[in-house]
Amino acid sequence: MPWAIAAPNTPPPPTWGIFTPGTVGQFFFVIVYSAVIYWLISRAKAGMPVPEIRKIAGLDAFDEAVGRATEMGRPVHFTPGFYAFSSHTLAAFSILAHVASLCARYDTRLIVTTLNATNHPVLEEIVRQAYLEVGKPDSFNREDVRYLSGYQFAYTAGVVGIFHREKVAANFMMGWFLGEALVIAEAGALAGAIQIAGCPAVVQLPYLVASCDYALIGDELYAASAYLSKDPVMVGTLIAVDWFKMFITGLIVIGVVFANLGSKAFMNFITK
Amino acid sequence: MKFFEKLDSLDVRWLYLLLAIVVTIPFFKPFGLPIQVDNMTRQAFDTIESAPPGSYVFLSFDFLPSTLTENGTQAAIVARHCFQRNLKVLVGSAESNNEGVQLAQSIIEPIAKEMNKEYGVDWVNLGFKVGGGLYVRSMIEDIIKANADQDFTGKKLSEMPIMQGIKSLKECEILASFTSLGGALNDFVAYLYSEYGNKVIAGITGGMITQYIVYLQSGQYKGILGGLTGAAQYEFLLGKPGKAIQGMDSQSAAHALFFVFVVLGNIGFYLKSKKRS
Amino acid sequence: MRRQLPVWLGFIAGMLVIIARYFAFPGFTQVQKTLDNWAMYSGAAAFLMGMINLTIVHKTNIQRRRENWGASLVLLIAMFGYFIYGLFTGPDDKLFVSIFNATISPLGSAMFSLLAFYMLSAAYRAFRMKTLEATILLAAGLIGILGNAPIGAAISPWIPSARNWMTEILNTAAMRAVTIGTALGAYAAMVRILLGIERSYLGGRGD
């Protein structure tokens, strides 16, 4: 994502001391944001109350999805998306830990697929640990964590095949998806699976919303592990996200006022 | 009412068959609907049109064969425009997409031949290199070094006339990514536009427009070709009708079918809920 | 220690990259370049890991004569055959390119074209006037469908204008909001990971 904000047709910003050009505004934002997150973590660690966070329907439905697969005696499928070791993949790994733990507890078969060979050993380890932690290491089947292909649509064809052959009852799509998102989700819908998707790629959201039962929108994917853990220290960091959304809304309002007054001072400040 | 009830329980495979028929018909009997050019395609066209002759352009092939119809036609028409304007064309994949650079060769080579452009002088295919964003960053340092002094076929880049006039990717006037992935565009904006002010053009699939148009308005992109429609508009602007314009009638027919079925589905849904209440 | 080491390594590498992003110290730039190179090498190694993984899985399929083991055999022959041929001939060999063009390209395009069919069935199922919000979504969707092809302008010039207005104004506002939220959420998640608060990605619940 190009998080850098720039005004239309502005020339490259000048060098500012030891800073890389164009990063001064970003740096101060990151410092303040990090400080607030750290402060909220410290508060929670000290046992001070953490504000309530809103309910996220998609995350509350995890138990329902795994429960339904358990009742039907059919497997659960999980995919961590297209890329390897990005922020969204790490978020997907954390969610997998939770889903694997649920599946291990209910003795439900979990099939994890990936199109990225780098992800494979990590996924295997996460699922193995989950079975180990609930005291069922023998229930873990190595072959249910599968690297299908590094090629996008060969992988997609593989997943669609698994849906039909294994009669998957619940499908979790967590991470960054591209064109394969709708093909997988619609194949899941046609197979009658309950589906929960979480994808920060806004392009794919409309498709996932149309095809899946629940969709995590935007930052909800990143909030998932904290939300599911119910650990106040983790939840504290989610509060910071909400506060900074309000802060940025304020910045936008200030920017609009400055821009309408014909001043570039504010724009120059944040793009310095 | 019975019709709508039947429609509601229709096997989706009938829909699929109908769509296949509707998309195929215009290839045999085109409707010839007029092409309307939108602002984002015009901006992309103007950006290439205003580049000084002899300046460098990096065309990044960041798509897989699956989106060849959309991204391939975009890349072909933009490359043609670049050659027409006598721009020096560097071809590669900033997303480290092996299939992309192979597709690039088969797309660019015939156009270059047709326009009498010489390989190694007017254009070069840098070939596949791993790293994605890291590859882009190393090309900002030194293009030849980042590519291990080898082009697509293993020839020495340092001995090619085209590489004598450029050292770093930041010297490229325009960077265009034809992509179904999006990563290279983000890297171009983060590492090149933000720091050196290079012009970025996005050739994206139709579904990606809603997300990426944001960066056109902020000025981070200097033009977008959105899906086959964008390619058709560009072909229209360049006065060189090709595969994209040919595909527009099929697209219109498919969209019309979508419209009809969504409307019918809703009439059925309305009648059903009225009956129930 | 098994849990602490990856967390510390992650913290140090993460901080180095963050510092190198904002400060133009020559030393840090070199460190970042080194880390970049390591990441590039490990990315290249992943291709090999993928091949090894596929070989192990499909070799087992063949050895145990599992269902469809013939398909596994075809996969291994195709993978190693193409790989070895490419090693000897290079990427611009005519046959090498022809095999690619004749197999991967049409297969990939065929899978991608499924999107159009699935979009139709998904839209047919999901675009229903169940609530006011769904009705607004439906209306916007229909204008988008018509406005994104020449047929929209052929019906009325208002349709592409309305579609452009929706894409450039309404959509942009929503996209920016979601993008900003996503960036903030991703950053908060990364802080949790860098500080070692969240370790479930290491396996289990990270306790």
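Note on naming: letters A, B, ... go to the chains in the order of the sequence lines (proteins, then strands), and numbering restarts at 1 for each one. Worth knowing before you read on, the calculation uses all heavy atoms, side chains too, and leaves out hydrogens, waters and symmetry mates.
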Exercise. Report the distance from atom CG of L181(B) to atom CH2 of W176(A), rounding to the nearest 0.5 Å.
Key: 11.0 Å
Practice problem: Inspect the surroundings of NZ in K245(A) and state if more than 12 heavy atoms from other residues, nucleotides or ligands are less than 6.0 Å away. | Solution: yes
Practice problem: Against chain B, label L190(A) side chain, backbone, both or neither, depending on which of its atoms sit under 4.5 Å from a heavy atom there. | Solution: side chain
Quiz item: Are there more than 12 heavy atoms of other residues, nucleotides or ligands under 6.0 Å from atom CZ of R42(B)?
Solution: no
Quiz item: Do you know which two heavy atoms are closest between Q152(A) and S66(B), and how far apart they sit?
Solution: OE1-OG, 4.1 Å
